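Computed from a prediction, not measured in an experiment: that's the story for all the values here. Just so it is clear, the values below take in all heavy atoms, side chains as well, and ignore hydrogens, waters and symmetry mates.
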Protein chains: 2
Amino acid sequence: MTTSANGRRRPPTIHDVAREAGVSRGTVSRFLNGGHYVSPAARRAVEAAIRKTGYVVNRHARSLSTGRSDSVAFLLTEPQEKFFEDPNFNVLLRGCTERLAQHDIPLLLMLAASDDDRRRLTRYITSGHVDGVLLVSSHSGDPVAAELRDAGIPLVACGKPLGLGSKVSYVAAADRDGAQEMVRHLLAGGRRRIGMITGPLDTPGGTDRLAGYRDVLAEAELPYDPALVVEGDYRRTGGEQAARRLLAQAPDIDAVFVASDLMAAGVVNALHQSGRSVPDDIAVGGFDDSAAATAVTPALTTMRQPYDRISAEMVRMLLAQIAGEDTAGVILPTELVVRDSA
Amino acid sequence: MTTSANGRRRPPTIHDVAREAGVSRGTVSRFLNGGHYVSPAARRAVEAAIRKTGYVVNRHARSLSTGRSDSVAFLLTEPQEKFFEDPNFNVLLRGCTERLAQHDIPLLLMLAASDDDRRRLTRYITSGHVDGVLLVSSHSGDPVAAELRDAGIPLVACGKPLGLGSKVSYVAAADRDGAQEMVRHLLAGGRRRIGMITGPLDTPGGTDRLAGYRDVLAEAELPYDPALVVEGDYRRTGGEQAARRLLAQAPDIDAVFVASDLMAAGVVNALHQSGRSVPDDIAVGGFDDSAAATAVTPALTTMRQPYDRISAEMVRMLLAQIAGEDTAGVILPTELVVRDSA
DNA sequence: CTGAAAGCGCTTACAG
DNA sequence: CTGAAAGCGCTTACAG
């Protein structure tokens, strides 16, 4: 640290390092940026000088010079604060933060709750303040993915953005396969009247998991009964309400496949309140393997979404895009986790 | 947008705005920074030019020039990932992000899980990459608060950092008062053998809530029985285990005050498994009023921590510090929320 | 492999 | 109230 006239500490600059090492600033910079065209002797001198001065690069200066910001946005666009209350969110956010930290890239957290927020943030992002965006937004009505894509911003979505086809890179779990596996598991347990509580049907997780459910019904030559299907909203209370609706429409169900653990926790509650036991009267299968799965009694049998891999993959793809590579959609497998509820 | 030779879009600069408005760059900058010493005519011209060009300030250039970063870190130092699994975390993080967004200040999320992380981040922070830090770290063993304070970084902690006295600004809930109110509520419900499951006793929430419990016992002239007190870890499973210990040590309790809702959810589970009904056999009082409170059955009677106010206050204080003002500790009141568990 | 120098886009005394 | 200019700390062709 150098102390300037006013007594405030001024961090050492590349200039201090250069002087200390007896080389030019250009050489220090070259060392900092990969060490190409730096002689071993110069390298050693610079290394020592950096250690001695405690030099840390000034990222603002670097960014101004390179045009890159070396930072990434984690953009959450959920008007309903839905995802934010979901334990999955934490896992994803944490995973992305850690992965980015490994590359020394700070994560800027951005919340777009209103249209105003969205406009402000889109503007901020497209002005080059971040190099890329990790987008968490499930609703198809959300224009932000298209806006960012059109602006040429490197972008990876969590979950397939509906309606954008393959135009936006994304990482998603194998929703349809996972749903199939869960319903087969329910069938294998001897259940025959299997209800389903879906996610919002304007989300891929909503439609794909429903599709998987129908696939297996057909496969087992069981009729598809619309009265057995209720749309939920991925929230706990929504799960409770949906379960009550389902029970009213089809009191004879012996199992229910619920498209998220958080909803499933609500379903178990509602079932208990209606006097049914889980899994004896009604088996419950969830989806996610989030913290909600083990917080209820009985613990949920569920499809594990590999959130660690999802966040790792999102970061990997985003960095690849920033480096100029093309990336596409990635689907990661889910895994059946058998606990007590089914 | 101006299109440069290579076809990539180059965002408009202050120079483009100045040319468009027919003024100098200095005038545009002055307009941007409060509009002092800018004539009404110049102001109008600049406003129009900004609209027309779609100008957005380049924050890297500004930061390089001013020495401020106009960004803030949200630093979470919980080796145990404990807080991250707590629903309170979301509320706090969300609140801070929103408040900062109102001031157009991005939040950088930083996770210090290991000592290595901590060193890296401290270095990053003290190098001027952020203007201040919102610190979430309850453990007294954590050296990060002292390090940042010694480096002169504006800093506001969530919860009183133990051992640092009044040297670090913080925002906390009135833990002791809140605990008192809850135990009085239990007493008012006719309970006399009241157990307690505390938070970790190296945290202020751990010690202060226990102190409040003891206050009211003394006030009611009830003996303090160490067998009635078990230390928990703020986690759900920790709550379950603590409840079993408590039941073994004191099977005759008729109430238990639990220092967090997440633990209390585990406690309710354990109580049910032991065949006790809540609240008939044993009343359960929680703390936080987090999402966990309404996720269990019966819903928890709890002390509400005003997280919205806490995050608002943290941001306000941090911005004040960055502006050069002195700030101190702020204690916010908690509020009894009566539901079904007590 | 290395140094000198231009340039990134802004802010801010300074002179007028 | 306004403009010209220096300077923030870095990177990167360029010439050697």
Side-chain angles (χ1 to χ4, degrees), chain A residues 1-2 4-6 8-46 49-50 53-71 104 127-129 131, chain B residues 1-2 4-6 8-46 49-50 53-71 104 127-129 131:
Chain A
M1 289 283 183
T2 315
S4 65
N6 64 11
R8 285 255 280 165
R9 284 183 189 158
R10 187 174 59 72
T13 70
I14 209 174
H15 188 91
D16 300 316
V17 175
R19 182 157 19 81
E20 181 69 35
V23 299
S24 76
R25 293 180 290 159
T27 298
V28 176
S29 180
R30 264 175 240 119
F31 168 84
L32 256 21
N33 291 284
H36 304 302
Y37 303 106
V38 178
S39 67
R43 181 171 53 67
R44 278 191 298 275
V46 171
I50 287 178
T53 54
Y55 173 77
V56 176
V57 68
N58 180 321
R59 299 173 86 110
H60 302 304
R62 171 179 284 175
S63 292
L64 181 56
S65 185
T66 61
R68 279 176 283 110
S69 78
D70 292 319
S71 66
D104 210 28
S127 300
H129 289 118
D131 293 337
Chain B
M1 289 281 183
T2 315
S4 65
N6 65 9
R8 286 255 280 164
R9 283 181 190 161
R10 186 172 60 72
T13 70
I14 209 174
H15 188 90
D16 299 316
V17 175
R19 182 156 18 79
E20 181 70 34
V23 300
S24 75
R25 293 179 290 158
T27 299
V28 176
S29 180
R30 263 174 242 120
F31 168 82
L32 255 21
N33 293 282
H36 303 302
Y37 304 104
V38 178
S39 67
R43 181 172 54 67
R44 279 191 298 274
V46 171
I50 287 178
T53 55
Y55 172 77
V56 176
V57 69
N58 179 322
R59 298 172 87 110
H60 302 304
R62 171 180 284 175
S63 292
L64 181 57
S65 184
T66 60
R68 280 176 283 110
S69 77
D70 292 319
S71 65
D104 208 27
S127 300
H129 289 118
D131 293 338

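Separating the C1' atom of D:dG16 from that of D:dT12 is a span of 16 Å, rounded to the nearest Å. One P atom belongs to C:dA6, the other to C:dT2, and the distance between them is 22 Å to the nearest Å.
With rounding to the nearest 0.5 Å, the separation of CZ in B:R19 from CD1 in B:I14 is 13.0 Å.
Counting 5' to 3', DNA chain C first comes under 4.0 angstrom of a heavy atom of chain B and last does so at the ends given by C:dG9 to C:dA13.
Here B:S63 pairs with nothing under the side chain to side chain donor-acceptor pair (under 3.5 Å) rule; sequence neighbours left out. Judged as a salt bridge (charged side-chain N to carboxylate O under 4.0 Å, His left out), and not counting sequence neighbours, A:D131 has no contacts. By the side chain to side chain donor-acceptor pair (under 3.5 Å) test, A:S71 is found to be paired with A:S69, residues two or more places apart in sequence or in another chain being considered.
A donor-acceptor pair under 3.5 Å is formed between the side chain of B:T13 and the backbone N or O of B:H15.
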Once pairs are restricted to Watson-Crick or G-U wobble with both distances under 3.5 Å, how does DNA chain C read as a dot-bracket string, [ ] for crossings and | for other-strand pairs? |||.||||||||.|||
Could you please spell out the steps behind the side chain to side chain contact (heavy atoms under 4.5 Å, CB included) verdict for A:D104 and A:D70? CA-CA 8 Å; A:D104 210 28; A:D70 292 319; over 6 Å; no
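Of the two residues near DNA chain C, A:P40 and B:S29, the one whose nearest nucleotide lies more 5' is A:P40.
Residues from residues 57-66 of chain A with heavy atoms under 4.0 angstrom of DNA chain C, sorted by number: A:L64, A:S65.
Within the 4.0 angstrom heavy-atom criterion, no nucleotide atom of any strand lies near B:F31.
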